[in-house]
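Note sheet for the following structure.
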Amino acid sequence: MKKFKRLMALVMALALALSVAACGNDGSSSGQTSSAGSSEASGESSSAEGGESSGEAAQAGTVQLPLTTEPVTLTYWVYADENCAIMKEDYNDNEFYQEMEKRTGVHLEFELVAAADRQTNFNLMIASNQLTDLIYAGASYYAQGLDAAIDDGYFLDLTDKVDEYMPNYQAIRKSDPNYERPTITDSGRIGTVYELRQSKQGPWLGMWMRKDWLDKLEMDVPETFDQWHDVLTAFKDKQGATAALMLNWSGSDGEIGQMSAGYGVLNNWQLDESGNVNYGPYMEGWKKYVTTMHQWYTEGLIDPDFMATDERAADMTTVVTGKSGAFPALYTLPSLYEASSEDPDMYLIPVRPPVENAGDELHLRLRDSYVSGNTAISAQCEHPDIAMRWLDYLFTEEGALLANYGVEGDTFEYDADGKIAYTDKMLNNENGWTAAQTMASYLCPSSGIANWSDWTRELINVPEKDQDCYEVWGAAGEDYRLPALSLTPDESVERAALYADISTLVKENTAKFISGAMDIESSWDKYISDLESMGVKRAIEITQGAYDRYKAR
């Protein structure tokens, strides 16, 4: 009965997905140093003469290929990468997966779902109790958390199996607390295999501004809210920008704190200046934020259609037609905007959110990323040892090289300095694909499978000036950001139920505050009272408990 109640709660409550730290971007530069291996995880494969894997404990750095001489098929639930231009029916058209089958002897049968419908489809799969062998991002979608997914009989408990079947993954995972801490539950169990980054990826999403306009107007890059106000006013009055500033997520951004970070808040659970868990829209800083944005909105400095904007990146048409001068975007997009602009002089630079006073520190931005997507193994899997060894191969030097760069002589070569250089097949694709489409078609898609990933491969076709965003945005602090937390099953259900109403109220009222449909001064106390009646204090208490457990891991 308890399991049934949890299942019903899962189907009805939308689990908050992890921020895709892997941004699935256009990738880049023809010469990258390969860091695919480490002393603990350099993979030298050798042929196996037997049938299925023996189950004997393996040493890090060795994977016997093929994994089996008998036909083995693993089913895999994963959402489709829209950039995979070569895909006709499933990922078996992707060259990375084709090569994996050749090397391992394991065939994957894909159950592809649309990215927009992944939560619904995951819930339906769980409700039917007909699980695929492998499940992408399972840790993100099981509302009650990984411990519950194991206890409820859906995910395989890998805790006592990784040393034997996944020594390469385990060696890397335990080599750094930034890998180890996020990849276990509060109870110390391993319930899924995570994508581990070979190097830290800084913030890949933030604010951009028209530097060519600043130069034309003889204005400096703004730092404070007052300076931003002057710049946006000039963009509007002298450059004709009808949406000088574009707000994402209907003005209630919870990823980067686009305009609210300078007031120490964003639309999410966070830490406050005392180091305790709080909720951004429940804090006084949120009132300051909506008050400032309301003033700017009435002056025509903000996109009048911001309430209909529910994406993380700015509308391309608005940007390239010169209607906006400041907006959020992934770091791979500015070069596309510039190439597509009606203004050949468009020149975009990354900028930090405004602060109240010159010299004030920012404490919120997109969090640095060491760990990304994950692949769970179903408890129903008939060949769990094969599944684990298949995944472990992607954490060897050889397997990681295949996932990130493909096959030598086909998609990459080593240059005279021993660095990886993409071939013409990748750089000047005969199909006319973008860099993102080419990588998703010939290499492991960014949301394809857990592996030892080199995110720097994404830098193909990203100009150096745009890569400066990592330094610009990364200079802001992230000490008010919470890590990915693990709630208990009961906590997950309770907080999800509370958050459903809380998040709706925040989004609707924030848009009304900014637009003036609701007066801030006369309505603020009621807004706070409504949040409290919906249980925001209890939700904060739950999150604080999870954070305390995280620190104790």
Side-chain angles (χ1 to χ4, degrees), residues 18-23 176-179 181-182 197 199-209 220-228 245 247-249 251-290 292-293 312 326-331 349-372 455 466-485 540 543-544 546-548 550-551 553:
L18 293 173
S19 281
V20 160
C23 42
D176 190 323
N178 289 304
Y179 298 145
R181 183 180 281 184
R197 298 200 184 283
S199 60
K200 177 188 74 175
Q201 183 175 19
W204 41 264
L205 174 67
M207 289 296 294
W208 297 85
M209 185 170 282
D220 296 327
V221 175
E223 178 186 1
T224 66
F225 280 99
D226 288 341
Q227 292 168 352
W228 268 74
L245 171 65
L247 297 178
N248 61 353
W249 304 122
S252 57
D253 168 59
E255 284 191 301
I256 60 175
Q258 179 187 351
M259 288 287 117
S260 63
Y263 292 121
V265 293
L266 78 168
N267 182 18
N268 213 325
W269 313 108
Q270 63 170 85
L271 299 176
D272 57 28
E273 60 183 6
S274 68
N276 294 316
V277 171
N278 213 320
Y279 181 55
Y282 182 59
M283 298 166 64
E284 189 63 24
W286 199 256
K287 182 179 181 180
K288 291 182 178 181
Y289 162 64
V290 295
T292 299
M293 291 302 102
R312 60 162 51 126
F327 48 83
L330 283 70
Y331 79 109
I349 59 169
V351 293
R352 285 189 288 274
V355 293
E356 292 188 83
N357 305 294
D360 284 355
E361 294 183 10
L362 287 165
H363 302 276
L364 290 165
R365 61 168 172 84
L366 200 67
R367 192 170 51 236
D368 288 340
S369 169
Y370 295 86
V371 173
S372 186
W455 69 269
D466 294 346
Q467 296 179 36
D468 287 345
C469 68
Y470 283 106
E471 181 177 347
V472 173
W473 299 336
E478 56 172 340
D479 46 308
Y480 285 7
R481 291 300 301 254
L482 282 169
L485 302 177
I540 291 172
T543 311
Q544 180 71 58
Y547 179 56
D548 291 341
Y550 177 88
K551 291 188 294 182
R553 287 181 186 176

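Rounding to the nearest 0.5 Å places CH2 of W249 at 13.0 Å from CG of L266. One distance of note links CE of M209 with CG of L245; it measures 8.0 Å at 0.5 Å rounding. In this structure, OH in Y547 is found 6.5 Å from CG in L482, a value given to the nearest 0.5 Å. Taking OG1 of T292 as the start and NZ of K287 as the end, the distance is 12.0 Å to the nearest 0.5 Å. In this structure, the separation between CE on M207 and CG on D253 is 9.5 Å, given to the nearest 0.5 Å. Note that CG of L362 and CD of E223 are 9.0 Å apart. Values are rounded to the nearest 0.5 Å.
Annotation for M259 and L247: closest pair CG-CD2, 3.9 Å, computed over non-hydrogen atoms. Taking every heavy atom of both residues into account, P354 and W228 meet most closely at CB-CD1, 3.4 Å. When every heavy atom of H363 is checked against every heavy atom of E361, the shortest pair comes out as CD2-O, 3.6 Å. Pairing each heavy atom of P182 with each of P177, the nearest pair is CD-O, 3.8 Å. Nearest heavy atom pair, residue R197 against residue W455, reads NH1-CB, 3.6 Å. T224 and E356 get closest at one heavy-atom pair: CB-O, 4.1 Å.
The closest side-chain donor-acceptor pair between T543 and Y279, if any, does not fall under 3.5 angstrom. Of the N and O atoms on the side chains of S274 and N276, at least one donor lies less than 3.5 Å from an acceptor on the other residue. Q201 and Y470 form a side-chain donor-acceptor contact under 3.5 Å, judged by distance and modelled atom types alone.
Residues satisfying the side chain to side chain contact (heavy atoms under 4.5 Å, CB included) criterion with D548, sequence neighbours excluded, are Q544, K551. Applying the side chain to side chain contact (heavy atoms under 4.5 Å, CB included) criterion to D176, with sequence neighbours excluded, gives N178, Y179.
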Intermediate values then yes/no, side chain to side chain contact (heavy atoms under 4.5 Å, CB included), L485 and W269
CA-CA 11 Å; L485 302 177; W269 313 108; over 6 Å; no

Check the pair N278 / L271 against side chain to side chain contact (heavy atoms under 4.5 Å, CB included), numbers first and verdict last.
CA-CA 6 Å; N278 213 320; L271 299 176; over 6 Å; no

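The ring of Y289 has its center closer than 6.0 angstrom to the ring center of W286.
Remark: the backbone N or O of G264 is paired with a side-chain donor or acceptor of Q270 at under 3.5 angstrom. With hydrogens and angles disregarded, no donor-acceptor distance shorter than 3.5 Å links the side chain of N248 to the backbone of G251. Checked by atom type and distance alone, the side chain of N357 never pairs as donor or acceptor with a backbone atom of D360 at under 3.5 Å. Panel note: side chain R367, backbone E478; no donor-acceptor pair is recorded below 3.5 Å. Side-chain atoms of E255 do not come within 3.5 Å of backbone N or O of R312 as any donor-acceptor pair.
In this structure, the side chains of P350 and Y331 stay at 4.5 Å or more apart for every pair of heavy atoms.
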